[in-house]
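Let me begin by presenting the structure, written as structure tokens, before commenting on it.
Sequence positions, counted from 1, serve as the residue numbers for this chain.
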Amino acid sequence: MREIPIPAHEEERAKKRRTLRRTVRFLGVLTVASAGLAIACLLGVFVAAIVAEFNRGAATLCYYLAAGFGGGAVLFALLAVLFGKLSARLDLRLTDYCERCDGEDSFYVGEGTLATFCEDRLRLHGEEGDREIFIPYSEIRVFSVCTRILPREKGKWSVVLEIPRRYIEKEWAVSKDDPPALVQTDAKDRLFHTLEKYGIEALGEHMPSDMPSGKKFKPQKKCYLPDRKKRRRALITGGLGLALIAAGVPIAILFNMTAGIVLGVFGAFFLARSSISFVRARGMLAAYGEGIYWRETERRESVFLKWEEVERIQRGEHKGFPILTVHCPYGDYHFPDVGDMWAFLSEHYGEKCDA
């Protein structure tokens, strides 16, 4: 990431910060506007096609309009992607710029909250510096973490700071049994250089420079868990699709061909969509030679944990359902105990399993 130069005077820094923030907002507006225009163009294609069917005299003009709307939809969709990427990149550079304005050893750990590494302690403070918390390094643990939603090397790297909860919450609200608080910041070279400068070891998985980010892993064992609620909704949608197709056929034959075809197309769309949703409405717990993977029906909620970061796996129960608790140094994950996965893990990864 190319760093934004920091002006010498505070007024110039603040002015540049405001300019950058306005630019990020403007790019965000352009992204939304482009996406909206792409959708409007797609609707234009649909409307032009319908008009062409009902008004054969204007069919040629409507087809030209449909082609124009189709080209516009592609153009605006590409612009939405472009503006979105530019906005995301500039936002990352803006965040880094604001951190470095506070200090080369400062990093965001939340909305408007910065962590500054000092000689013998960590300083948590707001952007305006109105409240400060100092934590000795001896009471802090730092973890390098790669969050993966797919069973492959590629993931999002971050650094997690484990801090005693009493430092960030009121004393009367904290008990001895409460787990430590975890705060997260983006992993970047400047942060790792800072940790090295103050002699702080980053535990966990380290970011290799030659990592094959696209490498996929092969599963050893898969177990599935159907999502009954989502499958029920998919069946209802599929039933609606079949009803539209069934209604479209007699309407096309007896009354109006175009209207019947439109109903049939909508019905086929709902039926195809519901079929895909029905097949995908299931979770999956899988074991790999490199780790363990839980796949939710929503991809962004899935998680892949490498064996290097798994301390142990325990079998338990939650609200009457069997679960597997995967303990990692920075926190625990809870997965459904599906099929005979526990027996497989006990046989092949017995050193990780704790009954």
Side-chain angles (χ1 to χ4, degrees), residues 1 141-162 179-180 182-189 191-192 195-196 200-227 279-318 321-355:
M1 179 179 62
R141 289 202 301 171
V142 180
F143 299 96
S144 174
V145 179
C146 183
T147 303
R148 298 178 174 90
I149 61 173
L150 290 172
R152 59 181 62 177
E153 284 288 359
K154 185 178 181 180
K156 183 179 179 182
W157 289 88
S158 62
V159 171
V160 176
L161 306 178
E162 183 185 87
L182 301 175
V183 295
Q184 180 176 308
T185 186
D186 293 332
K188 54 184 69 175
D189 291 338
L191 174 55
F192 289 113
L195 294 174
E196 185 179 354
I200 303 171
E201 181 185 4
L203 306 173
E205 185 180 357
H206 291 273
M207 188 189 309
S209 58
D210 57 346
M211 180 179 67
S213 60
K215 179 184 177 183
K216 298 180 181 180
F217 303 139
K218 294 182 179 180
Q220 298 173 327
K221 174 75 173 178
K222 291 182 179 180
C223 294
Y224 295 96
L225 180 65
D227 189 326
V279 173
R280 290 182 175 178
R282 60 178 184 175
M284 181 187 75
L285 186 64
Y288 291 74
E290 294 80 5
I292 186 169
Y293 178 53
W294 167 249
R295 188 190 69 192
E296 278 279 3
T297 52
E298 293 292 335
R299 174 176 164 179
R300 63 180 178 273
E301 297 176 3
S302 304
V303 60
F304 178 78
L305 301 172
K306 297 188 77 172
W307 292 123
E308 291 88 334
E309 57 185 321
V310 174
E311 293 181 331
R312 68 185 191 281
I313 304 175
Q314 286 183 305
R315 202 178 191 185
E317 191 174 286
H318 178 69
F321 296 96
I323 63 170
L324 298 179
T325 301
V326 183
H327 298 275
C328 297
Y330 50 85
D332 299 337
Y333 292 86
H334 303 285
F335 302 145
D337 185 3
V338 187
D340 58 346
M341 181 57 71
W342 176 254
F344 179 86
L345 294 174
S346 299
E347 179 181 353
H348 293 84
Y349 303 97
E351 73 281 1
K352 297 286 184 180
C353 296
D354 182 5

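Closest heavy-atom contact between Cys146 and Gly155: SG-CA, 3.6 Å. Shortest non-hydrogen contact noted between Arg148 and Arg152 is CD-O, 3.0 Å. Between Tyr293 and Ser302, the closest heavy-atom pair is OH-CB, 3.8 Å. In terms of heavy atoms, Trp157 sits closest to Glu205 at CZ3-O, 3.3 Å. Between Leu305 and Cys328, the shortest heavy-atom contact is CD1-SG, 4.1 Å. Ile313 approaches Trp342 most closely through the heavy-atom pair O-CH2, 3.7 Å.
Scored by the salt bridge (charged side-chain N to carboxylate O under 4.0 Å, His left out) test, Glu162 finds Arg141 as partners (sequence neighbours excluded). A search for side chain to side chain contact (heavy atoms under 4.5 Å, CB included) contacts involving Lys156 returns nothing, not counting sequence neighbours. Contacts of Tyr330 classified as ring pair (Phe, Tyr, Trp, His ring centres under 6.0 Å), with partners at least two apart in sequence or in another chain: none. Qualifying side-chain hydrogen bond (donor to acceptor under 3.5 Å, both in side chains) partners for Tyr288, counting only residues two or more places apart in sequence or in other chains: none. Pro329 is linked by a side chain to side chain contact (heavy atoms under 4.5 Å, CB included) to Phe143, Glu311, counting only residues two or more places apart in sequence or in another chain. Taking Thr325 as the reference, His334 meet the side-chain hydrogen bond (donor to acceptor under 3.5 Å, both in side chains) condition, with sequence neighbours excluded. Residues satisfying the side chain to side chain contact (heavy atoms under 4.5 Å, CB included) test with Ala287, not counting sequence neighbours, are Lys221, Met341, Phe344, Leu345. With sequence neighbours excluded, the residues forming a side-chain hydrogen bond (donor to acceptor under 3.5 Å, both in side chains) with Gln220 are Tyr349, listed by chain and number. With sequence neighbours left out, the side chain to side chain contact (heavy atoms under 4.5 Å, CB included) criterion links Leu225 to Trp294, Pro336, Val338. With sequence neighbours excluded, the residues that form a salt bridge (charged side-chain N to carboxylate O under 4.0 Å, His left out) with Asp337 are Arg315.
Here the CH2 atom belonging to Trp307 is positioned 5.0 Å from the CD1 atom belonging to Ile292, to the nearest 0.5 angstrom. For the atom pair Lys188 NZ and Ser158 OG, the distance stands at 12.0 Å (nearest 0.5 Å). Note that CG of Leu150 and CZ of Phe217 are 11.0 Å apart. Values are rounded to the nearest 0.5 Å. Atom OG of residue Ser144 and atom CG of residue Leu203 lie 9.5 Å apart, to the nearest 0.5 angstrom. To the nearest 0.5 Å, atom CD of residue Glu153 and atom CD of residue Glu290 are 7.5 Å apart. Here Phe304 contributes atom CZ and Thr147 contributes atom OG1; the two are 13.0 Å apart, rounded to the nearest 0.5 Å.
Sorted by first and then second residue, the salt bridge (charged side-chain N to carboxylate O under 4.0 Å, His left out) pairs involving residues 321-330 (not counting sequence neighbours) form an empty list.
Residues Lys222 and Met284 form a side-chain contact, since some pair of their non-hydrogen atoms from C-beta on lies under 4.5 Å apart.
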